[in-house]
Amino acid sequence: MARTDHQTMRRVLRREIAGTVGLLTDEHDFRAMRRYRSFTFDDHTTYLRQMEAVLKTRAAQGSHTALALFDPDEYAEFCTATGIDPEAPASRGRFTAELAALGPTIPYEGEPLTALLPALVGEAVRQATWEYATTLLTRLGPCATCGEDIGRAAFIRASALLARVLETAPPGAQHLVCSVAGPPETLVAVLHADADAHGTAEPGQAEALEFTSVLALGLATRSPGGLVIRVSAPDRPDRVHGWRLRAGHLQPLTASEVFDAYCTDIDTGDLIAPESGVDYRAAPDLADDDADDQEDRGHHH
C-alpha cells in the first residue's frame with residue numbers, strides 16, 4: 001500500500017515540475033550537434049518525431065513544457081566559458097536551463113512541432129533584433145548640446161509615435177512593419193494588434209518593445225526607413241497607409257506612394273500586380289511635437 005502511495009505522490013509531483021526542452025530547429029544545427037558522440041540521433045526528421053512523442057507524453061501527464069531554441073555554437077561557447085564537458089548529456093541540460101532563464105521560449109500545448117518551429121525561430125529573431133537595437137541606442141550616449149540621453153529620448157518619442165499610429169488607425173486587426181536601413185544591415189520589426197470599435201489596440205509587450213526600439217534607432221540615427229500599417233476588418237477592404245522615415249522624422253506617404261511601395265518588388269525593382277480588395281490611403285500626419293521642440297532648440301542628435 002505504501003509503495004502505491006509513493007508512486008501516486010511522485011506522479012502528482014512530476015506534473016508540477018515545469019521543464020524546458022532545447023530544440024534543434026533545422027538541419028544545419030542538427031548536423032553541428034552530431035559531432036558529439038553522446039548525441040545519438042542520425043537524422044533530423046527522426047529526432048523531431050521522437051521529440052514530439054516525448055512532448056505529447058509530458059502534456060498527457062499534465063506537465064508544462066516550454067520550448068527554447070538550441071544553438072550549437074552558443075552551446076560550445078557556454079561549455080568553454082563554464083569549463084564543462086560538451087559531450088556530457090548533463091551539460092546540454094544545464095545549457096537548456098540557462099536558455100529557459102535568459103532566452104525566448106514558447107509553451108508547448110499539443111501543437112505539431114512543424115507548426116511551432118517557425119514561431120520559435122520568429123521569437124528568437126525578435127529578441128535578437130530588440131537586443132541589437134537596444135545596444136546601439138545605448139551606445140549613442142548623451143547629446144553634445146543638451147546632455148540628454150539620445151537613445152532614451154528617441155525611445156520615448158518612438159513610443160509616442162507608435163501610440164499615435166495605433167490611435168489614428170481604423171478598428172480591425174492591425175499589422176505594422178517598421179524597417180530601418182543602415183550599416184551593417186536593415187532591421188525589420190513587426191507588430192500585431194487588434195482594435196475593436198470601442199478602443200485603441202493593445203499590442204503584445206515583447207513585440208511592442210522590439211518595434212519601438214527599432215523605430216527609435218531610426219529616429220536617433222536619422223537613418224532612412226519606413227513604417228507601414230495594414231488594417232483588416234470583416235466585410236471591408238484591407239486598408240494600407242504608411243510613413244517614410246527621413247532625417248529623424250516620420251513623413252506621411254500619399255496614397256500613390258503607398259501603392260507604389262506595395263506594388264514594387266524590393267529585390268528586383270519590378271512591378272507587382274496590386275492586390276484586389278486593398279484600399280491604399282494617404283497617411284495622417286502624426287504631429288510629432290517632440291521632434292519639433294528638439295529642432296527649435298537646435299538639438300540635432
Side-chain angles (χ1 to χ4, degrees), residues 106 111 114-123 125-126 129-130 133 157-181 186-219 223-246 249-288:
I106 58 173
E111 310 93 324
T114 47
L116 280 177
L117 293 183
L120 184 56
V121 172
E123 194 66 32
V125 168
R126 179 157 67 242
T129 303
W130 171 70
R157 213 179 120 213
S159 299
L161 285 168
L162 175 58
R164 291 283 296 134
V165 169
L166 294 173
E167 279 166 20
T168 55
Q174 303 176 351
H175 177 82
L176 290 78
V177 178
C178 178
S179 63
V180 173
T186 297
L187 287 184
V188 178
V190 177
L191 185 68
H192 302 275
D194 281 304
D196 56 28
H198 307 293
T200 307
E202 282 296 325
Q205 192 176 3
E207 271 196 351
L209 260 179
E210 183 221 2
F211 195 93
T212 307
S213 301
V214 170
L215 176 56
L217 188 64
L219 296 171
S223 301
L227 193 163
V228 173
I229 179 168
R230 180 172 184 149
V231 182
S232 307
D235 309 318
R236 217 178 58 200
D238 280 11
R239 184 166 155 183
V240 178
H241 56 259
W243 296 263
R244 180 188 294 109
L245 189 54
R246 288 288 180 276
H249 291 274
L250 279 180
Q251 304 166 349
L253 294 174
T254 65
S256 61
E257 284 173 329
V258 177
F259 178 88
D260 288 346
Y262 255 73
C263 298
T264 306
D265 186 307
I266 55 170
D267 294 323
T268 64
D270 296 338
L271 290 177
I272 307 168
E275 287 181 67
S276 60
V278 176
D279 187 7
Y280 301 94
R281 295 282 189 93
D285 190 331
L286 297 175
D288 189 4

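Quantities reported herein were computed from a predicted structural model and do not represent experimental measurements. Any value given below was found using the heavy atoms of this structure, including those in side chains, with hydrogens, waters and symmetry copies removed.
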Exercise. Considering residues at least two apart in sequence or located in another chain, which fulfil the salt bridge (charged side-chain N to carboxylate O under 4.0 Å, His left out) criterion with Arg126?
Worked result: Glu123, Glu207

For this session: Please name the pair of heavy atoms, one in Pro252 and one in Ala283, separated by the smallest distance, quoted to 0.1 Å.
Result: CB-O, 3.5 Å

For this session: Show your working on side chain to side chain contact (heavy atoms under 4.5 Å, CB included) between Val188 and Val177 and close with a plain yes or no.
Result: CA-CA 7 Å; Val188 178; Val177 178; 3.9 Å; yes

Seminar exercise, completed: For Arg281, the salt bridge (charged side-chain N to carboxylate O under 4.0 Å, His left out) test, sequence neighbours excluded, returns Asp279

For this session: Could you tell me which residues satisfy side-chain contact (heavy atoms from CB on, under 4.5 Å) with Val121, sequence neighbours excluded, listed by chain and number?
Result: Thr25, Leu69, Val125

Seminar exercise, completed: Closest heavy-atom pair, Pro171 versus Val231, reported as atoms and distance to 0.1 Å, is O-CG1, 3.5 Å

Exercise. Does Ser256 have any side chain to side chain donor-acceptor pair (under 3.5 Å) partners at least two apart in sequence or in another chain, and if so, which?
Worked result: Thr254

Problem set entry | Nearest heavy-atom neighbours spanning Pro118 and Ala115 | CD-O, 3.5 Å

Problem set entry | Separation of Arg246 CZ from Leu219 CG (nearest 0.5 Å) | 13.0 Å

For this session: Before giving the answer on side chain to side chain contact (heavy atoms under 4.5 Å, CB included), spell out for Trp243 and Val165 the whole-Å C-alpha distance, their side-chain angles and the decisive distance to 0.1 Å.
Result: CA-CA 10 Å; Trp243 296 263; Val165 169; 4.0 Å; yes

For this session: Find the distance between CG (Leu227) and CG (Leu176) and round it off to the nearest 0.5 Å.
Result: 6.0 Å

For this session: With side chain to side chain contact (heavy atoms under 4.5 Å, CB included) as the test, would you mind laying out the steps for Arg230 and Val278 before giving the verdict?
Result: CA-CA 9 Å; Arg230 180 172 184 149; Val278 176; 3.5 Å; yes

Exercise. Aromatic rings His192 and His175: how do their planes relate, parallel, tilted or perpendicular, breaks at 30° and 60°?
Worked result: tilted

Problem set entry | Smallest separation among heavy atoms of Ser223 and Val180, with atom names | CB-CG1, 3.7 Å

Exercise. Rounded to the nearest 0.5 Å, what separation is found between the CD1 atom of Ile106 and the CG atom of Leu116?
Worked result: 4.5 Å

Seminar exercise, completed: Here the gap from Cys178 atom SG to Leu245 atom CG, rounded to the nearest 0.5 Å, amounts to 6.5 Å

Exercise. Shortest non-hydrogen contact from Gly172 to Ala233?
Worked result: CA-CB, 4.3 Å

Exercise. What residues form a salt bridge (charged side-chain N to carboxylate O under 4.0 Å, His left out) with Arg244, not counting sequence neighbours?
Worked result: Glu257

Problem set entry | Spacing of Leu187 atom CG and Trp130 atom CH2 [to the nearest 0.5 Å] | 14.0 Å

For this session: Would you sort out whether Ile229 and His241 count as a side chain to side chain contact (heavy atoms under 4.5 Å, CB included), showing the intermediate values?
Result: CA-CA 6 Å; Ile229 179 168; His241 56 259; 3.3 Å; yes

Seminar exercise, completed: Sorted by chain and residue number, the side-chain contact (heavy atoms from CB on, under 4.5 Å) partners of Ala216 (sequence neighbours excluded) come out as Leu137, Ala154, Phe155, Ala158

For this session: Taking side-chain contact (heavy atoms from CB on, under 4.5 Å) as the test, write out the residues that go with Asp260, two or more places apart.
Result: none

Problem set entry | Under the side chain to side chain donor-acceptor pair (under 3.5 Å) test, residues paired with Ser232 that sit two or more places apart | Asp238

For this session: Say whether, by atom type as modelled, one donor and one acceptor occur between the side chain of Thr212 and the main chain of Leu209 under 3.5 angstrom.
Result: no

Seminar exercise, completed: Residue set satisfying side-chain contact (heavy atoms from CB on, under 4.5 Å) with Ala189, at least two apart, ordered chain then number -> Glu210, Phe211, Val214

